[in-house]
Structure formats: C-alpha cells, structure tokens
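All of these numbers come straight from a predicted model, not from anything done at the bench. Values below: every heavy atom of this structure, side chains too, minus hydrogens, waters and symmetry copies.
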Amino acid sequence: MFTKASEVTDLLVQASTEFVLPRFRALADQDVQEKSPGDLVTVADIDVEHFLNAQLPSLLTGSCVVGEEAYAKDPGILERLSNEEAVWLVDPVDGTVNFAHGRETFCVMVALVCKGETVMSWIHDPLSGTTAFAEKGSGAFWGDQRLRTPTPPSFSQLHGQINFAYFDHDMRSPLKTRANEAFGSLTRLGCAGHDFLAQARGTRHFAFYRRLWSWDHVPGTLLLQEAGGRVGLLDGARIHPADRVQGLITAANEELWFKIKDFLDNYL
C-alpha cells in the first residue's frame, strides 16, 4: 500500500506556495482564459497541474496522472481511471472562478485511485496552509485533527446548497420557495472541495449537485465518507471515479441523506 501521504501534502504546499498564492488577486488579464463560455482557466491552474504531473508519478511506481486541464485537451484520459492500476486525479485549482475574481474559497485537490477505487485524497487550502487528508478505512483528518461529522441540527437550522437547475424548469420555482422555507440557509460556495470539507467539519450539512466532474467529486467524496457522512446519487446508481456524476446528494450522515432525498423526490 502507498504510504507517502505526507509527501503528497508537501507537494501541494509547494505548488500552492510557488504557483497559486503569488497569483491570488494579482492575475493579469492575459493570465485568465475561457476553455468554454464561463469555464475559466488561469496560469495557476496550468502551472500547478504541470508541476504535479511531473512529481506525483515518482511517488508510486507505475502510476499516472489525470488532470482537469489535460482532460480539456484529451478527454480520453478519463479512461485511465478505469483501466490503470494507479491514477493520481488532480484538480489544480478547485474554485477557479472564485480564485480569478479574488474570492478566498478555492483549494488544490488530489486523489489516488487504484484499480477503479479511491483509496486516498487530499484537499489543500492555500490560504490557511492546511491540508485535509483521507484514507479509505482509516479516517479523515484536517491537519492533525481527526474529522468526524457532528450530529446535524433540525431542518430549520441546516446549512447547505441545492442546484435547482437539475430539476425541470416548472419545478424549480416551487422547490426554491419550499427549500428556502425549510432550511436554515442555502448558499453556493462555488468550490466543491471547500463544500465537502465544510460538511466533514460540520459547518455545513448537505449539498445537492446538478453535476460534477471526477476531479470535483472524487477527493471530497472519500473525505466526507471517512468522516462519517454519506454520499450517493438521487437515482441510486453506483458512483465510479470516472463518472461525471449527476444528481449527487451529500450529507453529514445516512439519516440526513435520506431526509434530503425524500425532500427532493417530491419535485421529480
């Protein structure tokens, strides 16, 4: 089994120090581009991915890298998550839009997928300098602190998010009205990594995503599950690391997960 978890953390710290933090609130116009309308990439994304692509394989013989920016040029690389023995899945800057606009909610994420199963993940917050780490069967940690999702409060005090665009257009307005009445607050972070981390730490309690790419959901899914949370698709389908998942529910525990599912099922 791979045992160099701290070396991955060190690489994330180095990448953030060298390529992310110097660009935060200092990006020039030419440092930000659109891969497609509304889908931004910055020089920080590109430089972090190049750095990790060069460094991570040396930590595990025979491993390869699948990165968000590499996928933009070669969508076929996602097949590695199903076909390769060991794959490093990289999101060089999760929350790129936030980063590009000088907002503080962004992170760097990596997951290790072995034979199609996520076995380790890292979520590094460059601004705090702290890394969340999870290992399948061994728990989740925020720095040196063991993460265990606390018992969530009542519906009227829950904090989370719902992507209403998942639902048919005529269902969105009544769902939004009912959700705003039922829950304590609904806010979108624009960064899946920080959302998963907040749920694992208990400062947020649930989320419903319209769709997420592999690099968005794989690292955080393992972290939240190892902290005691539950993750699953609204339609009950199995989740594979290579999937671009649609209709993903995440929650602090199994009981809350089913309550959120029941709430959403009424609008399908």
Side-chain angles (χ1 to χ4, degrees), residues 5 8-9 12 81 89-91 94-95 105-113 116-125 128 130-153 158-163 183-234 236-261 263-264:
V8 178
T9 299
L12 297 182
L81 291 167
L89 183 62
V90 173
D91 192 338
D94 182 48
T105 309
F106 60 89
C107 60
V108 181
M109 299 198 292
V110 169
L112 178 60
V113 179
E117 181 179 33
T118 310
V119 296
M120 290 183 174
S121 70
W122 296 257
I123 300 176
H124 179 69
D125 176 17
S128 72
T130 307
T131 306
F133 167 70
E135 181 175 7
K136 187 173 178 61
S138 298
F141 303 84
W142 173 237
D144 295 329
Q145 174 192 357
R146 178 72 180 261
L147 291 174
R148 293 183 176 87
T149 55
T151 301
L158 291 175
H159 300 287
Q161 70 172 25
I162 296 174
N163 191 321
F183 301 112
S185 69
L186 296 173
T187 55
R188 182 178 177 272
L189 297 184
C191 176
H194 267 286
D195 194 10
F196 279 108
L197 178 58
Q199 290 178 67
R201 300 180 70 191
T203 57
R204 289 168 69 87
H205 309 109
F206 75 95
F208 178 70
Y209 291 96
R210 179 188 180 192
R211 59 175 176 243
L212 292 174
W213 290 99
S214 297
W215 42 83
D216 295 317
H217 70 83
V218 171
T221 291
L222 182 63
L223 182 80
L224 183 56
Q225 289 173 324
E226 287 297 320
R230 181 183 172 97
V231 176
L233 296 178
L234 184 60
R238 180 181 177 271
I239 300 173
H240 187 277
D243 293 340
R244 188 184 188 188
V245 297
Q246 299 190 55
L248 184 70
I249 304 173
T250 65
N253 59 29
E254 184 171 1
E255 180 182 4
L256 179 59
W257 190 92
F258 279 104
K259 288 181 178 179
I260 299 298
K261 182 181 186 303
F263 179 88
L264 296 172

> Does the side chain of Leu147 come within less than 4.5 Å of Arg201's, by heavy atoms?
Replying inline: yes

Donor-acceptor contacts, no H, no angles, side chain residues 183-191, under 3.5 Å, sequence neighbours left out:
| unit_1 | atom_1 | unit_2 | atom_2 | d |
| --- | --- | --- | --- | --- |
| Ser185 | OG | His159 | ND1 | 2.4 |
| Thr187 | OG1 | Arg204 | NH1 | 2.8 |

> So how far is it from Asp195 CG to Thr203 OG1, rounded to the nearest 0.5 Å?
Replying inline: 9.0 Å

> Just by modelled atom types, is the Thr149 backbone N or O under 3.5 Å from a matching donor or acceptor in the Asn253 side chain?
Replying inline: no

> Of all heavy-atom pairs between Leu81 and Ala242, which one has the smallest distance, and what is that distance?
Replying inline: CD1-CA, 3.8 Å

>> To check you understand the geometry: which heavy-atom pair defines the closest contact between Met109 and Trp215, and what is its length?
In response: CE-O, 3.2 Å

>> In the structure I gave you, are the side-chain heavy atoms of Ser214 and Leu89 within less than 4.5 Å of one another anywhere?
In response: yes

> Can you find a heavy atom in the side chain of Asp91 that is under 4.5 Å from one in the side chain of Trp213?
Replying inline: no

> Counting distance only, does the side-chain N/O of Asp216 pair as donor-acceptor with the main-chain N or O of Ala192 below 3.5 Å?
Replying inline: no

>> Is there a side-chain contact between Phe196 and Thr250 in this structure, where contact means two heavy atoms from C-beta onward sitting under 4.5 Å apart?
In response: yes

> If you look at every heavy atom in Ala132 and Leu197, which pair is closest and at what distance?
Replying inline: CB-CD1, 3.8 Å

> If you round to the nearest 0.5 Å, how far is CD of Gln199 from NE2 of His205?
Replying inline: 9.0 Å

> Is a donor on one side and an acceptor on the other found under 3.5 Å between the side chain of Trp142 and the backbone of Thr130?
Replying inline: no

>> Quick test of your reading: applying salt bridge (charged side-chain N to carboxylate O under 4.0 Å, His left out), list the pairs with at least one residue in residues 237-247, sequence neighbours left out, ordered by first then second residue.
In response: none

> In chain order, what residues pass the side chain to side chain donor-acceptor pair (under 3.5 Å) check against Ser121, with sequence neighbours excluded?
Replying inline: none

> Do you know the tightest heavy-atom contact between Ala252 and Pro150?
Replying inline: CB-O, 4.2 Å

>> side chain to side chain contact (heavy atoms under 4.5 Å, CB included) for Phe106 and His194? Distances and angles first, verdict last.
In response: CA-CA 7 Å; Phe106 60 89; His194 267 286; 5.6 Å; no

> Can you list the residues that meet the ring-ring contact (aromatic ring centres under 6.0 Å, His included) rule with Phe133, with sequence neighbours excluded?
Replying inline: Trp122

> At what distance, to the nearest 0.5 angstrom, does CD1 of Ile239 lie from OG1 of Thr118?
Replying inline: 10.0 Å

> Taking C-beta and beyond as the side chain, do Val8 and Thr131 meet within less than 4.5 Å on heavy atoms?
Replying inline: no

>> I'd like to know whether Lys261 forms a side chain to side chain contact (heavy atoms under 4.5 Å, CB included) with Leu234, so could you lay out the CA-CA distance, the side-chain angles of the two residues, the decisive distance to 0.1 Å, and finally the verdict.
In response: CA-CA 7 Å; Lys261 182 181 186 303; Leu234 184 60; 3.7 Å; yes

Could you pull out all donor-acceptor pairs under 3.5 Å where a side-chain atom in residues 218-232 meets a protein atom, sequence neighbours excluded?
| unit_1 | atom_1 | unit_2 | atom_2 | d |
| --- | --- | --- | --- | --- |
| Thr221 | OG1 | His217 | O | 2.6 |
| Glu226 | OE1 | Gly137 | N | 3.3 |
| Glu226 | OE1 | Ser138 | N | 3.4 |
| Glu226 | OE1 | Gly139 | N | 2.9 |
| Glu226 | OE2 | Gly137 | N | 2.8 |

> Atom NZ of Lys259 and atom CD1 of Ile249: how far apart are they, to the nearest 0.5 Å?
Replying inline: 14.0 Å

>> According to side chain to side chain donor-acceptor pair (under 3.5 Å), who are the partners of Asp125, at least two apart in sequence or on a separate chain?
In response: Ser128

